[in-house]
There are 2 protein chains.
Amino acid sequence: MIFSAKTEYGVRLMIELGRHHADEPTALKAIAAAEGLPLSYLEHVVADLKRAGLVTSTRGAHGGYRLARPADEIGMDDVVLALEGTVAPMDCFVTLPPERVSCSHEGDAGRACSTRLLWMRVQGGVLKALHGTTLAELVEFSERQAAEPAVA
Amino acid sequence: MIFSAKTEYGVRLMIELGRHHADEPTALKAIAAAEGLPLSYLEHVVADLKRAGLVTSTRGAHGGYRLARPADEIGMDDVVLALEGTVAPMDCFVTLPPERVSCSHEGDAGRACSTRLLWMRVQGGVLKALHGTTLAELVEFSERQAAEPAVA
DNA sequence: AATTAATCCGACTCCACTGCTAGGGTTTCC
DNA sequence: GGAAACCCTAGCAGTGGAGTCGGATTAATT
């Protein structure tokens, strides 16, 4: 069970945006340099974030990206969902909406997955953790790290 | 974010074992048939479970597998950990033990990952959900499903 | 107007890993 | 001794993730 690197990059990107002033846009190039990430790949990442309405962009020279909302109004579930597409512990979760999902491994006459109960709880746990963390928190954490000297 | 099919199979396998009497072993073949899973792959799955001490085996004709402990003493974290190896939202979690993990994307002088705070919470949420669910619960759920007619 | 710096967009490659199969060996019951 | 099960190792094919590349568009600067 692991999140993709794309998600990791996206979270870092958002934090970096949160650390900059919201008035003037930040270029991707700067973020790539600061975090040591490949610029060309970051473009794909930020595209997802933009599609989800989490960042806005200004094109042309001196362009870049800004947070679409203040950092304390951005839950990390928004961010992760935008990048990961879905947060489901099992792929049979993805298909139909809430109930009555027919797993491929249902045995016989469509009685619900017995494993489903477990995956529901796991998904709930993840979503709760994500939703309970705001971007602002991570930004603040990051800034505190930067301030303090690097461990004893 | 998704668990592997191996884990899904393993959980089903454990449930199936839980549904059978613990005195006589259940053959893998029977489980494969009941769940519609490939027998040859199940062998790998059950090997992991055995290695983790969750099931015991008896070889030879009329052999098979049994739960090593009563179902209500088996947390699903045990099962998932045995199959998944680790439950970490990010691969940099896997390496070093608890603290002082040096992520590959640490920027400069080893200040801790700012994303780490987030992943810690997620991991906590998952582990809590898994640990809070016992195999016995799932077995019971499964048996209730089998009893009731399949939806209206 | 030309240049430059940035966002945008799609296609394409590479590679690791997952899911699965195959084949054989070993143990035990009838 | 044969059948039925567990056991172990190797290997393969498909998928998807991570990353690259080339080019198009937009906008500020000079």
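Everything numeric here is computed off the predicted structure, so don't read it as measured data. Residue numbers begin at 1 in each chain, while the letters A, B, ... track the order of the sequences. Just the heavy atoms: all of them, side chains too, but no hydrogens, waters or symmetry mates, feed the values below.
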Between B:Arg121 and A:Glu137 (salt bridge meaning N to carboxylate O under 4.0 Å), is one present in this structure? yes
Whole-Å distance separating the CG atom of B:Leu83 from the C1' atom of C:dT18: 14 Å
Under 4.0 Å between a side-chain N/O of B:Tyr41 and OP1 or OP2 of C:dA22, yes or no? no
Within the 4.0 Å heavy-atom criterion, would you say A:Ser4 contacts the bases, only the backbone, or no part of the nucleic acid? sugar-phosphate
Quick one: is B:Ser57 getting a side-chain N or O under 4.0 Å of the D:dC7 phosphate, OP1 or OP2? yes
In whole angstrom, give the distance that lies between atom CD of A:Glu24 and atom P of D:dA27. 18 Å
Rounded distance in Å - NZ (A:Lys6) to P (D:dG16): 13 Å
Would A:Lys29 and A:Glu43 pass as an ion pair if we require N to O under 4.0 Å? no
Tell me if the side-chain of A:His62 makes a donor-acceptor pair with the base of C:dT4, cut-off 3.5 Å, by modelled atom types. no
Report the residue (B:Gly63 or A:Gly60) whose heavy-atom-nearest nucleotide on DNA chain D is the more 5′ of the two. B:Gly63
Atom CD of A:Glu35 to atom C1' of D:dG19: distance rounded to whole Å? 18 Å
Would you give the length of the straight line joining atom CZ of A:Arg19 to atom OG of B:Ser114, rounded to the nearest 0.5 angstrom? 7.5 Å
What is the distance, to the nearest angstrom, from the CZ atom on A:Phe3 to the C1' atom on D:dG17? 16 Å
Let's see if you can work this out: which of D:dA28, C:dG19, C:dT21 has an atom nearest to the side-chain heavy atoms of B:Pro38? C:dT21
Donor-acceptor pair under 3.5 Å: do we get one between A:Arg59's side chain and the base of D:dT26? no
Any base atoms under 4.0 Å from A:Ser40, or only sugar-phosphate, or nothing? Heavy atoms, all strands. base
In whole angstrom, what separates B:Leu28's CG from C:dC20's P? 15 Å
Heavy-atom side-chain proximity of A:Leu67 to A:Leu135 below 4.5 angstrom: yes
Does the side chain of B:Lys29 get closer than 4.0 angstrom to OP1 or OP2 of D:dC6 through an N or O atom? no
Could you tell me how far apart A:Asp48 (CG) and D:dA18 (P) are, to the nearest whole angstrom? 12 Å
Under 3.5 Å donor-acceptor pair, B:His44 side-chain atoms to C:dT18 base atoms: no
Using a strict cut-off of less than 4.0 Å between a Lys/Arg side-chain nitrogen and an Asp/Glu carboxylate oxygen, indicate whether B:Asp48 and B:Lys6 qualify as a salt bridge. yes
Using atom CG of B:Leu42 as one end and atom C1' of D:dC6 as the other, report the distance to the nearest whole Å. 13 Å
Can A:Thr26 and A:Glu16 be counted as having a side-chain donor-acceptor contact under 3.5 angstrom? no
The side chain of B:Ala61 is closest to which nucleotide in this list: C:dC8, D:dA3, D:dC6? D:dA3
Side-chain donor/acceptor contact of B:Glu43 with base of D:dC6 under 3.5 Å: no
Quick one: is A:Lys50 getting a side-chain N or O under 4.0 Å of the C:dC8 phosphate, OP1 or OP2? yes
Taking OP1 and OP2 of C:dC20, is either one under 4.0 Å from a side-chain nitrogen or oxygen of B:Tyr9? yes
